[in-house]
Enquirer: 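The structure's right below; bear with me while I get my questions together.
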Number of protein chains: 2
Amino acid sequence: MAQAAPLYRLPCGACLDCDVRSMAVCAALEDDEVDALERIMISRSLEANQVLAEEGDPKTYVYTLTSGMLRLCSSLPDGRRQISGFLMPGDYLGLADDDVHTRTSEAVADAKLCAFPVRDMDGLVKVYPRLSERLHGMTRAALRHAQDNQMILGRLTPVERLASFLLVLSRRAREHKQPDNPVLLPMPRADIADYLGLTVETVSRSFTKLRNDGLIRLPDAHTAEIVDRDALSDLAGIEPH
Amino acid sequence: MAQAAPLYRLPCGACLDCDVRSMAVCAALEDDEVDALERIMISRSLEANQVLAEEGDPKTYVYTLTSGMLRLCSSLPDGRRQISGFLMPGDYLGLADDDVHTRTSEAVADAKLCAFPVRDMDGLVKVYPRLSERLHGMTRAALRHAQDNQMILGRLTPVERLASFLLVLSRRAREHKQPDNPVLLPMPRADIADYLGLTVETVSRSFTKLRNDGLIRLPDAHTAEIVDRDALSDLAGIEPH
DNA sequence: CGGCATATTGAGGAATATCAATCTTTGTGG
DNA sequence: CCACAAAGATTGATATTCCTCAATATGCCG
């Protein structure tokens, strides 16, 4: 059977100009090697709140987020929800899972992704050991991050949780080569609440507290300007970055 | 310079008889290959509460726990502590870390371990790709586990947290080929509290509640017999295993 | 401009932390 | 082997914190 020309393929060499080239999985490959990745890649885009994969779905694709933001979440039968993480451009979706997605992934804001069929990706990983090493390294980093969250959820007060959340977002923005000060908050308060194990009201009150104490400014609900980073770090119980 | 015969070396072939052979990293290797692992291995033992590695220490060894139990924890400047996990025989220490231990590891009860110098281990991983794959798979499992904990810490009530804790311990005991009921609790209540983000008093009251409701029996403080596994699973919001 | 979703603020109550006392277990030395 | 001290676990009384419910304010999109 004749194979139709694959849809949604980016123009050849597009990966080389990609915004996230230096921080995503593909950073493991040399310029003349990314081509192999590009060949198995399919572009996708999501609108805000669109679901990419549901908890329990078979893992047929893995993804690199190139723009926008995703949330990974799971819910209890009675509706209680926990967000285990937010993905920023350059982040990889599928690090934790073997054959099945263990979390639901949804777009917080309009998002663009590179989709890789897992079968093809598994093949590439065997050809390029550095790709495998990079994935393993990203998994380790995700694990450290999840363990940090255990401390945040288990032992920090609401204001401390929010302080640490803002600092982590700021630091990650910097790592992703974006301005680290006003911190952009594309997600609604309910998402922050479900990430920090709080209610929206408590999140809102914690924002107000940080503002009244002069640690941050809030030009609008989706922008937090860090005024006193040291005090914020003190609160969060972590070293300033 | 002449190299002295290495100390603490187990008799040749000991790995083949090892209790944890089938569940630890070494399960990735065939019987005739574990020899390579055994050659770089050094046996260690720890007494209860002895520290194996401190948060921030350079990662010079990785370990497989062969008996006993370890806790991984970190502390805030003011003394608040969070335990990110307990290690059971067959578990691997060092999955999350690159060059530095990000958590303190201590013995809950007397423990025995196989220690592998990271340099040697890095070398072996290159020779045996299956070893690398297995480590990556164990890291993914640890990540899923840490994300489950985020739900537990962020959204479950104390009794629900304890129920889920007992069920996880029970399931892991089974996976580790030990009886899954009664559940053995080698760690003190303070450890359970610092793992579940509660106080000792609340942990104690939660045990009492589960006992009074007929879901468990408590022959002694370190033994919990599961009486109604379904009700316990219901509480924990997870499928019975 | 109006209507809806989201965010903030307020009042009250429920749940868990805190403080304190008792009970139990463990380990040690006589 | 028993007595005793010390640590750990449980139970009780109280206080604080955060959640719940309700009202108001703000922003956003048609």
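The sequence lines fix the lettering, A, B, ..., with proteins before strands; numbering per chain opens at 1. Just so it is clear, the structure is predicted and the values come from calculations on it, not from any experiment.
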Enquirer: Rounded to whole Å, how long is the line connecting atom CD1 of A/Ile216 with atom C1' of C/dT8?
Expert: 14 Å

Enquirer: Does any N or O in the side chain of B/Asp110 come within less than 3.5 Å of the main-chain N or O of B/Ala48, such that one atom is a donor and the other an acceptor?
Expert: yes

Enquirer: For A/Arg155, is there an ion pair with B/Asp194 - N to carboxylate O distance below 4.0 angstrom?
Expert: yes

Enquirer: Rounded to whole Å, how long is the line connecting atom CZ of A/Arg161 with atom C1' of D/dT17?
Expert: 12 Å

Enquirer: Between the side chain of B/Lys209 and the main-chain N/O of B/Val159, is any donor-acceptor distance below 3.5 Å?
Expert: no

Enquirer: Can you name the residues that form a salt bridge (charged side-chain N to carboxylate O under 4.0 Å, His left out) with A/Arg189, not counting sequence neighbours?
Expert: none

Enquirer: Just checking, is any N or O donor in the side chain of A/Arg161 or A/Ser206 under 3.5 Å from an acceptor N or O on the other one?
Expert: no

Enquirer: Rounded to the nearest Å, what distance is computed from the CG atom of residue B/Leu162 to the P atom of nucleotide D/dA9?
Expert: 13 Å

Enquirer: Is the shortest heavy-atom distance from the side chain of B/Glu160 to the side chain of A/Arg80 under 4.5 Å?
Expert: yes

Enquirer: Mind running a 4.0 Å heavy-atom check of residues 74-85 of chain B against DNA chain D and sending the residues that fall below it, in number order?
Expert: none

Enquirer: Could you tell me whether the phosphate oxygens of C/dT9, OP1 or OP2, come under 4.0 Å of any side-chain nitrogen or oxygen in A/Arg211?
Expert: yes

Enquirer: Without decimals, in angstroms, what is the distance between A/Leu196 CG and D/dC19 P?
Expert: 11 Å

Enquirer: Would you kindly give the CE-to-P distance between B/Met187 and D/dA9, to the nearest whole Å?
Expert: 11 Å

Enquirer: Please encode protein proximity along nucleotides 10-28 of chain C as a string of B, S and -, counting only heavy-atom distances under 4.0 Å.
Expert: BB----SSBB---------

Enquirer: In whole Å, I'd like the distance from the CD1 atom of A/Ile192 to the C1' atom of C/dA7.
Expert: 11 Å

Enquirer: Round to a whole Å and report the spacing from CG of A/Leu218 to P of D/dG27.
Expert: 12 Å

Enquirer: CG/A/Leu162 to CG/A/Leu235 distance, rounded to the nearest 0.5 angstrom?
Expert: 9.5 Å

Enquirer: Would you say the side-chain atoms of A/Thr66 pair up with the backbone N or O of A/Lys112, donor to acceptor, closer than 3.5 Å?
Expert: yes

Enquirer: Are the side chain of A/Asn181 and the backbone of A/Ile226 linked by a donor-acceptor contact shorter than 3.5 Å?
Expert: yes

